[in-house]
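First the structure, in the form of structure tokens, and then the observations on it.
In what follows, chains are A, B, ... by sequence order, proteins preceding strands, each numbered from 1. Just so you know, these numbers come straight off a predicted model, no measurement behind them.
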There are 2 protein chains.
Amino acid sequence: MPNSGSESVDDYLKAILELSGPTGGPATSNRIAQRLGVSAPSVTGMLRKLSTGNRPCVTYQKHHGARLTNEGRRRALRIVRRHRLVELFLCEVLGYSWDEVHEEAERLEHFISGKLEERIARKLGNPEFDPHGDRIPSKHGTLPKRKTVRLSEAPAGQTAVVSSVSDRDPEMLRYLQRIGLVPNRRLTVLEHAPFEGPTMVRLHGERQSRGISPKLARAVLLQEI
Amino acid sequence: MPNSGSESVDDYLKAILELSGPTGGPATSNRIAQRLGVSAPSVTGMLRKLSTGNRPCVTYQKHHGARLTNEGRRRALRIVRRHRLVELFLCEVLGYSWDEVHEEAERLEHFISGKLEERIARKLGNPEFDPHGDRIPSKHGTLPKRKTVRLSEAPAGQTAVVSSVSDRDPEMLRYLQRIGLVPNRRLTVLEHAPFEGPTMVRLHGERQSRGISPKLARAVLLQEI
DNA sequence: ATACAAATTTAGGCATTCCTAAATGTTTGC
DNA sequence: GCAAACATTTAGGAATGCCTAAATTTGTAT
């Protein structure tokens with residue numbers, strides 16, 4: 001059964017992947033519970049399940065959180081690939097705007113067969129980025145890293161390309177789109193304001209965005225040029 | 001909650017719709033169990049559940065099978081609409097062949113939101129027929145009837161249009177396609193053979209199909225001209 | 001009319017995934 | 001070093017939806 005893994009399992013693996021961050025550190029029960037909107041005891045039960053079997057998806061020590069195994073990371077990245085392919089497909093083929101796609105993709109990602117995944121990817125020309133600028137993992141569940149920094153942590157004078165923005169808040173997405181802060185847009189950070197006050201950025205020398213609050217700034221990832 | 005209804009519920013409603021046929025007669029537990037590949041007791045339990053609540057989907061008398069209520073029929077037809085839209089979409093937009101789409105659609109039909117349903121329909125030009133020639137119900141869950149007859153029951157000399165073919169057997173579909181027996185194809189029945197031996201039909205005066213066995217013939221619906 | 005066969009329902013269970021409440025383990029401030 | 005605060009796990013239970021085995025009901029054939 002290469003394609004085992006319920007909707008729930010998919011969600012847990014994705015959550016652990018995202019909570020582990022680039023460091024691959026452990027994801028704690030509470031963070032997982034919070035992200036998935038389930039109770040902490042539910043998480044404990046699922047982690048125990050995921051860490052057993054002949055090819056466990058996570059390593060798990062009581063009270064010390066969970067990490068993905070290679071198998072688990074591969075699975076998680078395949079779900080992420082499907083999520084991002086679906087998002088891009090909805091935008092490119094069905095005229096969705098980028099703030100509408102997350103919810104649909106969150107549901108559909110669990111039900112995209114390998115064949116459908118391939119057809120969608122082919123239709124889109126085997127794309128590298130989703131509509132939010134996030135990289136699309138390979139069909140084998142791999143994703144080489146790039147060096148990125150949060151907008152809120154970028155020093156004044158930094159020139160970079162918007163790498164990605166969180167796709168979880170439609171209102172924020174519309175705001176960012178309105179001020180021109182979209183993926184692959186080149187920009188220069190005018191003022192570094194890590195804790196409060198506006199961060200101003202110049203976009204490609206033409207337009208200027210003001211009043212990016214730290215909260216918003218934290219949601220934007222820059223990729224160094 | 002206008003959109004309640006699990007995957008299982010969807011499947012039961014669809015099964016009852018299809019087993020009721022044009023007459024709207026009751027669907028028996030065993031037939032439902034057989035079609036869904038579950039045990040008869042499972043069916044009993046689900047029918048009891050579906051027939052209770054403030055807006056029941058089926059009426060159900062012990063030992064006498066189930067019928068859809070208007071509410072139930074509407075729901076079932078909306079699932080069927082999604083199934084058929086997805087099938088057509090996969091063919092038209094993603095290059096699937098008509099014998100590949102059923103399995104995908106069977107899974108995806110449960111997870112198509114109203115918005116996605118509308119975008120797919122619009123992209124396809126609000127189509128009336130799916131790739132197998134089956135009519136696509138309206139978004140309100142209605143489907144006016146047409147007069148049809150099975151190929152196996154059509155008398156010799158009958159001229160008609162292929163209305164639809166069963167979409168459940170890929171091998172049969174490929175065979176029918178090879179001999180040119182596809183939806184909306186006009187044909188004349190040469191020989192009436194209700195029980196055994198081949199039924200021969202002439203297609204549009206040009207091509208001739210031979211060796212249609214009763215089993216295959218039963219899968220083809222003709223719409224009188 | 002009745003007994004048998006077929007269809008159907010009841011009874012009792014299992015797996016998944018979630019929950020709350022209570023117990024336990026870990027971390028941290030002083 | 002220790003207690004309060006916090007994080008996590010255990011215990012016990014609910015809802016779905018499935019199963020098998022054992023009644024029960026229905027319909028039919030004699």
Do NZ/NE/NH1/NH2 and the carboxylate oxygens of R75(B) and E71(B) come within less than 4.0 Å? yes
Give the rounded distance in Å between these two atoms: CD1 of I32(B) and P of dC18(D). 12 Å
Is it the case that D99(A) and S97(A) place a side-chain donor and acceptor less than 3.5 Å from each other? yes
K49(B) has a side chain; which of dC18(D), dG17(D), dC18(C) sits nearest to it? dG17(D)
Given dT10(D), is OP1 or OP2 found less than 4.0 Å from the side-chain N or O atoms of T44(A)? no
Taking only side-chain nitrogens and oxygens of Y12(A), does any of them come within less than 4.0 Å of OP1 or OP2 of dC18(C)? yes
Answer yes or no: does a side-chain N or O of S29(B) lie under 4.0 Å from OP1 or OP2 of dT9(C)? yes
Separation of L47(B) atom CG from dT16(D) atom P, in whole Å? 16 Å
Whole Å only: how far is the CD atom of E7(B) from the P atom of dA15(D)? 21 Å
Nearest-neighbour nucleotide for the A40(A) side chain, dC19(D), dT9(D), dC19(C) considered: dT9(D)
Which is true for G65(A) with a 4.0 Å heavy-atom rule: it touches a base, it touches only sugar-phosphate, or it touches nothing? nothing
With the side chain counted from C-beta on, respond yes when L221(B) and D134(B) share a heavy-atom pair under 4.5 Å apart, and no when they do not. no
Look at the side-chain N and O atoms of R48(A) and state whether any lies under 4.0 Å from the OP1 or OP2 oxygen of dT10(D). yes
Just compare dT9(C), dC19(D), dT17(C) and give me whichever is closest to any side-chain atom of S42(B). dC19(D)
Write down the distance between CG (D11(A)) and P (dT16(C)), rounded to a whole number of angstrom. 17 Å
Would you please confirm or rule out a distance under 4.0 Å between OP1 or OP2 of dT8(C) and any side-chain N or O of N30(B)? yes
Would you call the rings of H132(B) and W98(B) parallel, tilted or perpendicular if under 30° counts as parallel and over 60° as perpendicular? parallel
Per nearest nucleotide of DNA chain C, the residue lying toward the 5' end, H63(A) or T28(B), is T28(B)
Below the 4.0 Å mark, does dC18(C) have OP1 or OP2 next to a side-chain nitrogen or oxygen of S8(A)? yes
With R82(A), which of E87(A), E117(A), E109(A), E106(A) fulfils salt bridge (charged side-chain N to carboxylate O under 4.0 Å, His left out)? E117(A)
Taking only side-chain N and O atoms of S39(A), does any of them lie within less than 4.0 angstrom of OP1 or OP2 on dC19(C)? yes
Could you give the CG-to-P distance, from L50(B) to dT9(C), as a whole number of Å? 13 Å
Using only side-chain N and O atoms of K62(A), determine if any of them is under 4.0 Å from OP1 or OP2 of dA7(D). no
Within this structure, what is the CZ-to-C1' distance between R31(B) and dT8(C), rounded to whole angstrom? 15 Å
Nearest-nucleotide 5' precedence on DNA chain C, M46(A) against H64(A): M46(A)
